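Throughout, protein chains are lettered first and strands after them, A, B, ... in sequence-line order, and every chain is numbered starting at 1. Keep in mind the model is a prediction, meaning the values are calculated, not measured. Only this structure's heavy atoms are used, side chains among them; waters, hydrogens and symmetry mates stay out.
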Protein chains: 2
Amino acid sequence: MSKGSRSVQPLKSVNRPRDLTRDKVIEAGLALLDCEGVGAVTMRAVAESLNVTPMALYNHVSSKDDLLRAIAADILDNANFDGGTSDWRDQVAYCFAEFRAICLRHPGLSRLLETPDIAPGTVFAPMEVTLNALSQAGLSELDGVRTYFTLVGFTIMQADYQSRGPYIDLEPADGTRSQRIAGRGYRMVEGMELPREWDFGAAFDFGLSLILDGVEAAIRRSDRQRGQTSDIGGE
Amino acid sequence: MSKGSRSVQPLKSVNRPRDLTRDKVIEAGLALLDCEGVGAVTMRAVAESLNVTPMALYNHVSSKDDLLRAIAADILDNANFDGGTSDWRDQVAYCFAEFRAICLRHPGLSRLLETPDIAPGTVFAPMEVTLNALSQAGLSELDGVRTYFTLVGFTIMQADYQSRGPYIDLEPADGTRSQRIAGRGYRMVEGMELPREWDFGAAFDFGLSLILDGVEAAIRRSDRQRGQTSDIGGE
DNA sequence: ATCAGTAAATATACAATGTATATAAGAAGG
DNA sequence: CCTTCTTATATACATTGTATATTTACTGAT
């Protein structure tokens, strides 16, 4: 400023405090994600909320994807999926109830987790507790992983449904299929009507117990097989 | 062409055949979706593949979202989810195996179906056959819908995983959590290694049977609660 | 045929976005 | 003070969706 002999005017802000950090960028991005949704997380918006030029962010974040990944990782890292219960079923239920709660607390997170390029490795944080519980329950390691994938997919999807509202069909397609969901209430096959307020929590609990009941059946089956050394057909 | 007396030069194409239709736009978009993925479906790319100006599309499609929705609807409308089998379990399994097959045949579809704004009402096409089968099996209507949502979410998610490759963590996060999946093979908790080629089909079958086993358990439970009604041949 | 009217394509333009590149302002060390 | 490195800025560009205005081709009445 005291120099000012160059042809170029002083830039946007004369005092540029050197205190921008990666954490601040992530935090600002997270705030935007929580308040306005994933669509609002633009580099310019994050920069503006930090009173900084868009390009300043690139000193702390290599790309927008990197930022989104860091946001998702930040959320998941600060979570605890271990309920500390002894019963495997309680443990798994707690784990995914927590997962779901986090997704609902941060609308837009499920969208990020659906995108492999963006989802951080820590999406698999709950895997550890789940695999431990399932292996303790007697499930094979392979089936444990398969079960885990079933559970994460289901949980993320359910949370995403809830966060972003149900499906809407603006135009009734072609009439041959009348099912549609509109607003919160929905109308589906053959004029069937369901409660205007869909209870996502109950639906999640139901789906979760479906899967866990299935796990129990699988365990029982493998136990029986091990006891009788006979081939189980399943079907 | 023969006229050409105006001050403005002949435009891009002198003969502009008036043969652009909504179906052609949808078809071109679908081709792009299948070949290059959802990211390649831009208005400009679709227009170019039809030898037409981007804005020409807007005479047949009200927006890009409308186009994407139409593409998804087109795929689903040309599908049949009714296997025609009598056993409810076979019926539901067929329905979602078909759903999955469609998602895999059209990579990028699952991405569209994950977006409520874009998913057409016909995502619920398989709902009819599923609800019929489940109600025939003795499940209540409410639980039938819940089960259906569990199944679609699971199926779409699984297909999406498979279509877009598993999660990748470029940088090992913070080390405390070592789980990650890289490439086709993946490494997870505590140095656990799994087969390099993950069998998505087997994982889907496993998850599906988990859910269906859970349904059976739910039916048994409600049967028992209702006293003893043995008319419905669950198992 | 001619001429208006309409529908469909074009041309142009603009705003939003991610990010490459070059530059300037401080801080650090000699 | 001078060099050098880091961090922020300024500018610019390519890509996207799409609004607006314009031009062309087709249609139907006269």
Whole Å only: how far is the [atom1] atom of [X] from the [atom2] atom of [N]?
{"X": "B:Leu57", "N": "D:dA19", "atom1": "CG", "atom2": "C1'", "answer": "15 Å"}
{"X": "B:Asn51", "N": "C:dT10", "atom1": "CG", "atom2": "P", "answer": "9 Å"}
{"X": "B:Asn59", "N": "D:dT23", "atom1": "CG", "atom2": "C1'", "answer": "13 Å"}
{"X": "A:Asp66", "N": "C:dT19", "atom1": "CG", "atom2": "C1'", "answer": "14 Å"}
{"X": "B:Leu20", "N": "D:dC26", "atom1": "CG", "atom2": "C1'", "answer": "16 Å"}
{"X": "B:Asp19", "N": "D:dT24", "atom1": "CG", "atom2": "C1'", "answer": "15 Å"}
{"X": "A:Leu67", "N": "C:dT19", "atom1": "CG", "atom2": "C1'", "answer": "14 Å"}
{"X": "A:Leu50", "N": "D:dT9", "atom1": "CG", "atom2": "C1'", "answer": "15 Å"}

Residues forming a side chain to side chain contact (heavy atoms under 4.5 Å, CB included) with [X], sequence neighbours excluded:
{"X": "B:Asp23", "answer": "B:Thr21, B:Ile26"}
{"X": "A:Ala202", "answer": "A:Asp199, B:Arg146"}
{"X": "B:Asn59", "answer": "none"}

*Candidate nucleotides C:dA9, D:dA19, D:dA8, ranked by approach to the side chain of B:Met55 - the nearest*: D:dA19
*Could you go step by step and tell me if B:Arg69 and B:Asp66 meet the side-chain contact (heavy atoms from CB on, under 4.5 Å) rule?*
CA-CA 5 Å; B:Arg69 203 179 306 123; B:Asp66 182 36; 3.8 Å; yes
Could you run down the sub-3.5 Å N/O contacts of the protein with nucleotides 16-18 of chain C?
| residue | atom | partner | partner atom | Å |
| --- | --- | --- | --- | --- |
| C:dG18 | OP1 | A:Lys64 | NZ | 2.7 |
| C:dG18 | OP2 | A:Met43 | N | 2.9 |
| C:dG18 | N7 | A:Arg44 | NH1 | 2.6 |
| C:dG18 | O6 | A:Arg44 | NH2 | 3.1 |

Distance-only donor-acceptor pairs under 3.5 Å for side chains of residues 94-109 of chain B, two or more places apart:
| residue | atom | partner | partner atom | Å |
| --- | --- | --- | --- | --- |
| B:Arg100 | NH2 | B:Gln162 | OE1 | 2.9 |
| B:His106 | ND1 | B:Asp34 | OD1 | 3.0 |
| B:His106 | ND1 | B:Asp34 | OD2 | 3.0 |

If you look only at distance, which donor and acceptor atoms sit under 3.5 Å apart when one is on a side chain in residues 204-212 of chain B and the other is two or more places apart or in another chain?
| residue | atom | partner | partner atom | Å |
| --- | --- | --- | --- | --- |
| B:Ser209 | OG | B:Asp205 | O | 3.2 |
| B:Ser209 | OG | B:Phe206 | O | 2.8 |

